Protein chains: 2
Amino acid sequence: MRKPNAKDRILETAGELFFQRGYSGVGINEIIEKAGTAKASFYQHFPSKESLCEAWLQDMHDRSSVHHGELLASGLPPQEMAAACFTRLADFLKAGDFRGCPYSNTGAVSDENCFGIVKLIRVHKESTRIFFRKIASLAIPDEGRAATIGDRLFLLYSGATAEAQNLKCLWPVEIAGEAAVELLT
Amino acid sequence: MRKPNAKDRILETAGELFFQRGYSGVGINEIIEKAGTAKASFYQHFPSKESLCEAWLQDMHDRSSVHHGELLASGLPPQEMAAACFTRLADFLKAGDFRGCPYSNTGAVSDENCFGIVKLIRVHKESTRIFFRKIASLAIPDEGRAATIGDRLFLLYSGATAEAQNLKCLWPVEIAGEAAVELLT
DNA sequence: CCATAAGCAGACAGACTTGTCTGTAAAGTG
DNA sequence: CACTTTACAGACAAGTCTGTCTGCTTATGG
């Protein structure tokens with residue numbers, strides 16, 4: 001097995017734990033234990049737990065930006081782009097370790113004092129909104145109408161993510177996916 | 001000012017605090033202090049903090065059931081029923097103390113061991129879904145199609161709630177409200 | 001008047017939390 | 001070899017949390 005440096009190990013371990021049990025449900029001690037590192041090493045790389053959370057959110061955002069870029073450059077018809085998003089979400093759900101949108105979950109336990117965290121959530125959500133607007137603009141000539149439809153896709157995606165988690169079932173993603181395709185035709 | 005018994009005072013105080021800062025962000029000590037009661041009194045009425053949370057969720061669900069019933073019995077056209085839901089949500093947002101869906105927020109910090117809490121969240125969400133399906137069935141003759149549209153209303157409502165909180169702005173509610181009315185015409 | 005119930009006050013236990021600190025060991029570099 | 005960087009090990013502080021406990025006060029109903 002590979003053995004990257006301590007910082008990467010911490011970030012990777014924290015990412016898995018935060019994703020599965022939420023930011024507030026995981027302590028530093030568990031992270032460093034599972035990452036096989038020492039507390040002093042942790043605080044050498046991250047000044048606080050909050051900054052680790054910010055690094056995690058930033059990391060996820062970077063990955064999702066790459067994925068969004070690839071999808072937009074794929075040349076697929078816009079309906080299939082949107083469908084791919086919901087299929088991907090459904091696959092996550094079927095994999096079993098899905099716990100809802102990590103950004104929303106983190107926001108639910110962050111007060112207004114956590115400026116960095118709140119800002120990263122906003123940046124990611126706004127960027128996802130733009131992504132769906134771009135998809136909509138490929139299918140809808142009217143610029144204003146495309147923006148509105150893009151926002152609706154975004155809200156359907158968010159609602160499907162939230163309620164699939166709350167109800168622990170798949171239908172919200174399927175229904176939202178169908179609605180998204182309909183909105184684009 | 002009235003002075004109801006300790007149990008009601010605790011439930012009311014906890015409701016406000018849970019709503020504003022989340023279940024995990026509020027401790028027993030703060031609740032009893034703000035409610036003007038003693039810890040022993042608290043544990044005489046509630047065996048645990050978790051059971052207080054369940055009572056809170058149940059209380060909110062009962063109120064929302066009443067409201068849903070009133071709206072369905074109002075005789076308004078279905079488009080206006082749906083619009084009223086989103087207007088109500090917008091009013092909450094403008095009031096300033098909105099912190100997102102309390103059920104989703106509580107679910108984000110409850111692990112699978114909290115059976116009672118998870119179940120209450122599911123019951124409420126499923127009941128809200130039924131509510132929107134009933135609205136849809138008033139506007140759409142085809143039964144299957146009405147169910148699908150009802151589910152879409154539900155997902156739009158959920159997405160609007162979540163993203164209005166994440167982005168701290170009003171447009172998700174407005175966009176979702178418009179989309180809901182369009183879906184019903 | 002008195003007994004029972006309800007509530008208040010707050011110490012306390014035990015288990016967590018984040019973050020600091022001291023000290024040691026290993027590995028790469030001039 | 002010497003030096004610096006990096007990481008490991010873990011005690012410790014200071015605070016949080018839930019939940020239990022003892023004792024005191026007040027109110028109500030027979």
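Note that the structure is predicted; figures quoted are calculated from it, not measured. Chain identifiers are assigned alphabetically (A, B, ...) following the order of the sequence lines, protein sequences preceding nucleic acid strands; residue numbering begins at 1 within each chain.
- Residue pairs meeting the ring pair (Phe, Tyr, Trp, His ring centres under 6.0 Å) criterion with at least one partner in residues 95-123 of chain B, sequence neighbours excluded, are B:Y103-B:H124.
- Side-chain nitrogen and oxygen atoms of A:H45 include none within less than 4.0 Å of the OP1 or OP2 phosphate oxygen of D:dT6.
- Residues passing the salt bridge (Lys or Arg N to Asp or Glu O under 4.0 Å) test with B:R122: none are found, sequence neighbours excluded.
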- [ ] For nucleotides 16-26 of chain D, just jot down a letter per nucleotide in 5' to 3' order: B, S or -, based on protein non-hydrogen atoms under 4.0 Å.
- [x] --BBBB-----
- [ ] Given side chain to side chain contact (heavy atoms under 4.5 Å, CB included), test B:L93 with B:K168 step by step and report yes or no.
- [x] CA-CA 9 Å; B:L93 271 164; B:K168 282 151 187 36; over 6 Å; no
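- Within the structure, side-chain hydrogen bond (donor to acceptor under 3.5 Å, both in side chains) contacts touching residues 136-157 of chain B (residues at least two apart or in different chains) are A:E182-B:R145, A:E182-B:R152, B:R129-B:D151, B:R133-B:D151.
- Atom CZ of A:F19 sits in a crowded spot, with more than 12 heavy atoms from other residues, nucleotides or ligands closer than 6.0 Å.
- Between A:F46 atom CZ and C:dG19 atom P the separation is 13 Å, expressed in whole Å.
- Here C:dG7 presents its C1' atom at 9 Å from CZ of B:R9, a figure rounded to the nearest Å.
- Rounded to a whole Å, the CD atom of A:E33 is 13 Å from the C1' atom of D:dG10.
- Between B:I31 and B:T13, the shortest heavy-atom contact is O-CG2, 3.9 Å.
- Salt-bridge check for B:E30 with B:R21: passed, with a basic side-chain N closer than 4.0 Å to an acidic carboxylate O.
- C:dC8 atom P lies 10 Å from atom CD of B:Q44, rounded to whole Å.
- Proximity of A:T37 to the phosphate of D:dA7: no side-chain N or O atom is located under 4.0 Å from OP1 or OP2.
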Protein-nucleotides 27-29 of chain C N/O pairs closer than 3.5 Å?
none

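- B:K7 forms no cation-pi arrangement with B:F42, by the criterion of a distance under 6.0 Å to the ring centre and an angle within 45° of the ring axis.
- Annotation: proximity of residues 106-120 of chain A to DNA chain D (heavy atom, distance under 4.0 Å) is found for no residue.
- Between the side chains of B:E33 and B:N29, not a single donor N or O lies within less than 3.5 Å of an accepting N or O.
- Straight-line distance from the CG atom of B:N5 to the P atom of C:dG7: 6 Å, rounded to whole Å.
- A cation-pi geometry, defined here as NZ or CZ lying under 6.0 Å from the six-membered ring centre and within 45° of its normal, does not hold between A:K49 and A:Y43.
- Shortest non-hydrogen contact noted between A:P172 and A:E163 is CG-C, 4.0 Å.
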